[in-house]
K.L.:
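I'd like to ask some things about the structure below.
Owing to the predicted nature of the structure, the values given are computational and were not obtained by experimental measurement.
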Amino acid sequence: MKKTILAMAVPALLAAGSASASINLYDAEGVKVDASGAAEVQYIQYISNTSDATGTGNQDGQWRLDDGDFSVNTEVAVSEDLAAIGHFAFKFEDSTTENDELYVGFKGSDWGQVTFGRQLMLMDDAGITKDYELAVNSFGAEYTEADQVAKYVYDNGSLYAGLAFNDASDGASADDEREVYEGRLGYRFADVDARVYYQKSEENGGSALERDEYNFEIEYAGIENVGIAASYGRTSEDNGTTDTDTDYISLAADYTMGKTTYAIGFDNKDVEGDNDDVNGYYANVSYALHSNAKVYAEIGDSDDDQQDWGYVAGMEVKF
């Protein structure tokens, strides 16, 4: 079977339909193999005239290889209601190749999916912003991916939920151990999608750092061609001496006219102990060259101290 799959894979890649979100490489004898990928390049000036999003350095606009991904997903039918799944993915950024996903698991027809290995955490999906790069004051969890993750997700179209656990330990040293617990619960009704994310992390090594993070999100799509979203989140960080809370509020909307989508957003970040909270703004426009290709441009600003406006223009092609 290995030779058969390889023999079919190359011509399938070359002759794949352009409208497909992924390419089917093999589908026979209960085995299904799909591949997908993306390439994205930007020219960006980060908010605050810095060389990167961390706020360090002092550079003007620059080219950025934002995204380069290739993934293969395998599904093997065990029975009518159960399949074994395997997935691996690579990302190509900063002139390096990195395996950022590698997991196996089981998928049921009516009870969801459970996976084990290197994968995205549930918190990777958190957030309602409609920006490309410049929502600098929006909610963001500390951990969005890890190597040693067990994750369960369920979705019946209306109710959806998930649980995940990360035990970052090499089994030998306590200095690098970390435990992360998280959950997600959401419900779709009429034109509304409402959900909540929660993550708790504990550093068990040299520090006693604990974090609790949550984000409430709601999206409304009841107006033709218009999307409206809002969220409220909080991160609480306790280092054993000081407990600091940071609150986040985000509002966003977009409007699609033909192949063009316009979006705007506002974010507010309020750190406990700071004299003033910080506001951020962004607006962007994107044009769909094809269902699998688009170009876009965005501007953004923040009223934080010593921060200037930023901009980004980019193009993404995927299959």
K.L.:
How many angstroms lie between atom NZ of Lys32 and atom CD1 of Ile85, to the nearest 0.5 angstrom?
P.N.:
12.5 Å

K.L.:
Between Lys269 and Asp304 (salt bridge meaning N to carboxylate O under 4.0 Å), is one present in this structure?
P.N.:
no

K.L.:
Can you see which heavy atom on Ala288 is nearest to which on Lys294, and at what distance?
P.N.:
CA-CB, 4.2 Å

K.L.:
Would you say that Asp125 contacts Arg184 through its side chain, given a criterion of any heavy-atom pair below 4.5 Å between the two side chains?
P.N.:
yes

K.L.:
Would Asp67 and Lys318 count as a side-chain contact (heavy atoms from CB on, under 4.5 Å) here? Give the steps.
P.N.:
CA-CA 10 Å; Asp67 200 10; Lys318 60 184 180 179; over 6 Å; no

K.L.:
Looking at every non-hydrogen atom in both residues, tell me the closest pair between Leu134 and Ile299 and how far apart they are.
P.N.:
CD1-C, 3.6 Å

K.L.:
State whether the side chain of Asp274 and the backbone N or O of Asp276 hold a donor-acceptor pair below 3.5 Å, judged by distance alone.
P.N.:
no

K.L.:
Can you tell me how the ring of Phe216 sits relative to the ring of Tyr214, calling it parallel under 30°, perpendicular over 60° and tilted otherwise?
P.N.:
perpendicular

K.L.:
Determine, using the 4.5 Å side-chain heavy-atom cutoff (strictly less than), whether Phe90 and Ile23 are members of one ILVMFWY cluster.
P.N.:
yes

K.L.:
CD/Glu75 to CG/Asp34 distance, rounded to the nearest 0.5 angstrom?
P.N.:
8.5 Å

K.L.:
Once rounded to the nearest 0.5 Å, what's the spacing between atom CG of Asp147 and atom CG of Asp167?
P.N.:
12.0 Å

K.L.:
Could you tell me whether Arg195 and Glu219 make a salt bridge, using a distance below 4.0 angstrom between a side-chain N and a carboxylate O?
P.N.:
yes

K.L.:
With side-chain contact (heavy atoms from CB on, under 4.5 Å) as the test, would you mind laying out the steps for Asp247 and Tyr232 before giving the verdict?
P.N.:
CA-CA 7 Å; Asp247 295 324; Tyr232 169 75; 3.1 Å; yes

K.L.:
Taking the six-membered ring of Tyr160, is the NZ or CZ of Arg188 close enough (under 6.0 Å from the centre) and on axis enough (within 45°)?
P.N.:
yes

K.L.:
May I ask you to decide whether Arg211 forms a salt bridge with Glu203, counting only side-chain N to carboxylate O separations under 4.0 Å?
P.N.:
yes

K.L.:
Which class fits the ring pair Phe165 and Tyr181: parallel under 30°, tilted 30 to 60°, perpendicular over 60°?
P.N.:
tilted

K.L.:
Is there a side-chain contact between Tyr187 and Ser158 (heavy atoms, below 4.5 Å)?
P.N.:
yes

K.L.:
Atom OG1 of Thr235 and atom CD of Glu142: how far apart are they, to the nearest 0.5 Å?
P.N.:
9.0 Å

K.L.:
Once you round to the nearest 0.5 Å, how far does CG of Asp270 lie from CG of Asp277?
P.N.:
5.0 Å

K.L.:
Contact between Arg118 and Phe88 at the side-chain level, heavy atoms closer than 4.5 Å - yes or no?
P.N.:
no

K.L.:
Assign the ring pair Trp111 / Tyr152 to parallel, tilted or perpendicular, where the plane angle (0 to 90°) is split at 30° and 60°.
P.N.:
parallel

K.L.:
With a 4.5 Å heavy-atom cut-off, do Val149 and Tyr103 have their side chains touching?
P.N.:
no

K.L.:
State plainly whether one hydrophobic cluster holds both Tyr287 and Val312, where clusters connect Ile, Leu, Val, Met, Phe, Trp and Tyr through side-chain heavy atoms under 4.5 angstrom apart.
P.N.:
no

K.L.:
Could you state the interatomic distance from CD (Gln119) to CG (Leu102), rounded to the nearest 0.5 Å?
P.N.:
10.0 Å

K.L.:
Has Asn166 got a side-chain atom pairing as donor or acceptor with Glu179's backbone, closer than 3.5 angstrom?
P.N.:
no

K.L.:
Taking the inter-plane angle between the rings of Tyr281 and Phe266 on a 0 to 90° scale, is it parallel (under 30°), tilted (30 to 60°) or perpendicular (over 60°)?
P.N.:
tilted

K.L.:
When you group the ILVMFWY residues by side-chain heavy-atom contacts below 4.5 Å and let the links chain together, are Leu163 and Val153 in the same group?
P.N.:
no

K.L.:
Would you say the side chain of Lys130 lies within less than 4.5 Å of the side chain of Tyr262, judging by non-hydrogen atoms?
P.N.:
no

K.L.:
NZ of Lys107: more than 12 outside heavy atoms within 6.0 angstrom?
P.N.:
no

K.L.:
Would Leu65 and Tyr43 show up in the same hydrophobic cluster when neighbours are defined by side-chain heavy atoms closer than 4.5 Å?
P.N.:
yes

K.L.:
If you take all heavy atoms of Asp254 and Ala263, which pair is closest and at what distance?
P.N.:
CB-CB, 3.8 Å

K.L.:
Got Asn279 and Asn137 here, is their nearest side-chain heavy-atom distance under 4.5 Å?
P.N.:
no

K.L.:
Measure from NZ or CZ of Arg178 to the centre of the six-membered ring of Tyr143, then state whether that distance is under 6.0 Å and the direction lies within 45° of the axis.
P.N.:
yes

K.L.:
Show your reasoning for whether side-chain hydrogen bond (donor to acceptor under 3.5 Å, both in side chains) applies to Asn225 and Thr256.
P.N.:
CA-CA 5 Å; Asn225 299 327; Thr256 300; over 6 Å; no

K.L.:
Please walk me through it: do Lys200 and Asp212 pass salt bridge (Lys or Arg N to Asp or Glu O under 4.0 Å)?
P.N.:
CA-CA 5 Å; Lys200 182 179 182 62; Asp212 288 278; 3.4 Å; yes

K.L.:
What verdict does the salt bridge (Lys or Arg N to Asp or Glu O under 4.0 Å) test give for Lys91 and Asp69, after you've listed the backbone C-alpha separation in whole Å, the side-chain angles of each residue and the deciding distance to 0.1 Å?
P.N.:
CA-CA 4 Å; Lys91 63 180 180 180; Asp69 299 301; over 6 Å; no

K.L.:
Output yes when a side-chain donor or acceptor of Asn284 lies under 3.5 Å from a complementary backbone atom of Glu298, and no otherwise.
P.N.:
no

K.L.:
Within the 3.5 Å criterion, strictly below it, is a donor on Glu213 or Tyr248 matched to an acceptor on the partner's side chain?
P.N.:
no

K.L.:
Quick one: does Trp309's side chain get under 4.5 Å of Tyr282's, heavy atoms only?
P.N.:
no

K.L.:
May I ask whether Val192 and Ile228 are part of the same hydrophobic cluster, defined by side-chain heavy atoms of I, L, V, M, F, W, Y residues being less than 4.5 angstrom apart, directly or through others?
P.N.:
yes

K.L.:
Ignoring hydrogens and geometry, is there a side-chain-to-backbone donor-acceptor pair from Gln45 to Gly61 under 3.5 Å?
P.N.:
yes

K.L.:
So, for Ser231 and Glu217, which heavy atoms are closest and what is the spacing to 0.1 Å?
P.N.:
CB-CG, 3.9 Å

K.L.:
Indicate the atoms forming the closest heavy-atom contact of Ile128 with Ala229, along with that distance.
P.N.:
CB-CB, 3.7 Å

K.L.:
Given Val72 and Val33, is the side-chain contact (heavy atoms from CB on, under 4.5 Å) satisfied, shown in steps?
P.N.:
CA-CA 7 Å; Val72 175; Val33 182; 3.8 Å; yes

K.L.:
What verdict does the side-chain contact (heavy atoms from CB on, under 4.5 Å) test give for Leu185 and Leu159, after you've listed the backbone C-alpha separation in whole Å, the side-chain angles of each residue and the deciding distance to 0.1 Å?
P.N.:
CA-CA 8 Å; Leu185 181 63; Leu159 175 68; 3.9 Å; yes

K.L.:
Do the side chains of Asp303 and Val278 get nearer than 4.5 Å, heavy atoms only?
P.N.:
yes

K.L.:
State, to 0.1 Å, how close Ala230 and Leu251 come at their nearest heavy-atom pair, and which atoms those are.
P.N.:
CB-CD2, 3.6 Å

K.L.:
Within the side chain of Glu182, is there an N or O that forms a donor-acceptor pair under 3.5 Å with the backbone of Met123?
P.N.:
yes

K.L.:
Under the side chain to side chain donor-acceptor pair (under 3.5 Å) test against Asp267, which residue among Ser302, Ser138, Ser250 passes?
P.N.:
Ser250

